[in-house]
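Structure, as structure tokens:
Every number for a ligand or one of its atoms is a count from 1 in the order of the listing. In what follows, every heavy atom counts, from backbone to side chain, and hydrogens, waters and symmetry copies are set aside. This chain uses plain numbering: 1 for the first residue, then up along the sequence.
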Amino acid sequence: MKLLEGKVALVTGAVGGIGTAIVRDFLAEGAKVILMDIKAEAVEAAVAKLQAEGFEVAGAAADIRDAAAVKSAVDAARAKLGPISIVVANANTGGSTTTMDKSTPDVFRTEVADNVGGQFNTIYAAIDDLKALGGSITVVGSVNGLATFGQPGYSAAKSALVSLVRTMATEYGPHNIRANMIAPGTVRTPAWDSRLARKPDVMDGLKRWYPLGRVASPEDIAKPITFLASEGAAFISGAIIPVDGGLMAGNHQMAKELTLEG
Ligand SMILES: NC(=O)c1ccc[n+]([C@@H]2O[C@H](COP(=O)([O-])OP(=O)(O)OC[C@H]3O[C@@H](n4cnc5c(N)ncnc54)[C@H](O)[C@@H]3O)[C@@H](O)[C@H]2O)c1
């Protein structure tokens, strides 16, 4: 028996790096998947390719910042695949302003409001199905929501999403809806393309900070999300789970200096 047999899942950011891996893993585990992303042509191409491989998928091209567009895209897709019991709020709407000094009131407000509001819109569009069926919501946060790694607007949004997950876990628990967060560390995805263009060895520098000695692959993030959506996680709700190669466990570079070991 596959982990998600027959379940209908809504995944946002579905044609991005992590989203593509989630979609693939969900399909491999027997789910039907609604692919939501702002990139309409890429959604169409992905849906055609997956359908040609025999998978049950539907496209839902929408900007998660637009609640009405999200709702109508979700309704059209669920009419094809059936009611939704799994939501993965994975898309982020940008927010790469690096420091406080580079932030302005308008930019900061946009980065926070869009990232938090976009996830809310996604969940809001599917919540009636989840209330009827029970289900699982997984928000993709970031280690940036748990400690400081730059990007003040993006990070504040990811911290706010921790609160949203906890609120949903408590308020929706009586409907048998679980809500959790996966908080990735660095993952090599297209989100890094512009930084890699500026500094091709950026990942080599970053991996030194990770106790496991590497950055994540999209599959490293997708697998725990599949588990959270499955029956094996039936009593896990309200959890904020770093998937970060040990980054948030402590500072192993500093430990070496403190202990004069290495
Ligand atoms: N890559 C990392 O190092 C990393 C680290 C921590 C957390 N994350 C989180 O993982 C998630 C996925 O990131 P990724 O690395 O796969 O990024 P990505 O850029 O590869 O994919 C993001 C996808 O979201 C879509 N998107 C952007 N704005 C949208 C909007 N307004 N409406 C609908 N779709 C929209 C994009 O078109 C893209 O397909 C994000 O929430 C991100 O914050 C990523």
| Atoms of ligand 1, numbered as shown, that sit under 4.0 Å from any heavy atom of T93 | 28 (N), 31 (N)
| Near G17, which atoms of ligand 1 are under 4.0 Å from a heavy atom of that residue? | 16 (O), 18 (P), 20 (O), 21 (O)
| Protein heavy-atom partner closest to atom 6 (C) of ligand 1 - residue, atom, separation in Å | P184 O, 3.4 Å
| message | To check you understand the geometry: which heavy-atom pair defines the closest contact between P242 and M248, and what is its length? | response | CB-CG, 4.3 Å
| message | Side chains of F120 and M168, heavy atoms from C-beta outward: is any pair under 4.5 Å? | response | no
| So, are K131 and D129 salt-bridged, with charged N and O less than 4.0 Å apart? | no
| How far is atom 39 (O) of ligand 1 from its nearest protein heavy atom, and which residue and atom name does that atom have? | D37 OD2, 2.7 Å
| remark: With heavy atoms and a 4.0 Å threshold, my read on which part of N90 contacts ligand 1 is both
| query | Would you call G141 a ligand 1 contact, heavy-atom distance under 4.0 Å? | reply | yes
| field | Side chain proximity check, I225 to F26, heavy atoms < 4.5 angstrom | value | yes
| Any side-chain heavy atom of T186 sitting closer than 4.5 Å to one from M203? | yes
| request: Give the minimum heavy-atom separation between I221 and A216, together with the two atoms involved. | output: CD1-CB, 4.1 Å
| remark: Within 4.0 Å of some non-hydrogen atom of T189, the atoms of ligand 1 are 1 (N), 14 (P), 15 (O), 16 (O), 17 (O), 20 (O)
| field | Candidate with minimal heavy-atom separation from atom 30 (C) of ligand 1, of D63, N115, T12, V15 | value | D63
| task | For atom 1 (N) of ligand 1, grab the closest protein heavy atom and report residue, atom and distance to one decimal in Å. | result | V187 O, 3.1 Å
| said: As a check for students: among A42, S142, A191, G185, identify the option with a heavy atom nearest to atom 5 (C) of ligand 1. | reply: G185
| Which residue and non-hydrogen atom of the protein lie closest to atom 27 (C) of ligand 1, and at what distance in Å? | N92 O, 3.2 Å
| field | For atom 21 (O) of ligand 1, closest protein heavy-atom neighbour | value | G16 CA, 3.3 Å
| task | Could you list the atoms of ligand 1 found under 4.0 angstrom from a heavy atom of A62? | result | 32 (N), 33 (C)
| query | Are any of the side-chain nitrogens in R65 or D63 under 4.0 Å away from the carboxylate oxygens of its partner? | reply | yes
| Is there any N or O on G13 that sits under 3.5 Å from an N or O of ligand 1? | no
| query | Nearest to atom 34 (N) of ligand 1, what protein heavy atom do you find, and at what distance? | reply | I38 N, 3.2 Å
| said: Measuring from non-hydrogen atoms of G118 to any atom of ligand 1, is the shortest distance under 4.0 Å? | reply: no
| query | Numbering the atoms of ligand 1 from 1, which are under 4.0 Å from a heavy atom of I64? | reply | 30 (C), 31 (N), 32 (N), 33 (C)
| field | Basic-acidic side-chain contact under 4.0 Å: R24, E53 | value | yes
| said: Counting non-hydrogen protein atoms only, what is the nearest one to atom 44 (C) of ligand 1? Give residue, atom name and distance. | reply: I18 CD1, 3.9 Å
| message | Taking 4.0 Å as the limit for heavy-atom contacts, which would you say applies to A183 with ligand 1: side chain only, backbone only, both, or neither? | response | neither
| request: Check V57, L10, I22 against L35 for a side chain to side chain contact (heavy atoms under 4.5 Å, CB included) and give me the one that passes. | output: V57
| What's the verdict on salt bridge (Lys or Arg N to Asp or Glu O under 4.0 Å) for E44 and K39, showing C-alpha distance, side-chain angles and the deciding distance? | CA-CA 9 Å; E44 203 178 313; K39 293 179 182 157; over 6 Å; no
| said: I'd like to check which ligand 1 atoms, numbered from 1 as shown, lie under 4.0 Å from a non-hydrogen atom of R65. | reply: 31 (N)
| Less than 4.0 Å between a side-chain N and a carboxylate O, is that true for R188 and D193? | yes
| query | Which one holds for R188 and ligand 1: side chain close, backbone close, both close, or neither close, with close meaning a heavy atom under 4.0 Å? | reply | neither
| field | Residue and atom name of the nearest protein heavy atom (relative to atom 8 (N) of ligand 1), distance in Å to one decimal | value | Y154 OH, 3.7 Å
| message | With heavy-atom distances below 4.0 Å as the criterion, list the atoms of ligand 1 near T186. | response | 3 (O)
| Do any N or O atoms from the side chain of E56 and from the backbone of K32 form a donor-acceptor pair under 3.5 angstrom? | no
| task | State whether D204 and K207 are salt-bridged, where the test is any N-O pair (Lys NZ or Arg NE/NH1/NH2 against Asp/Glu carboxylate O) under 4.0 Å. | result | yes
| Whether Y172 and H175 hold their rings parallel, tilted or perpendicular, with breakpoints at 30° and 60° | perpendicular
| request: Run the numbers for me: atoms of ligand 1, each under 4.0 Å from some heavy atom of W192, listed by number. | output: 1 (N), 2 (C), 3 (O)
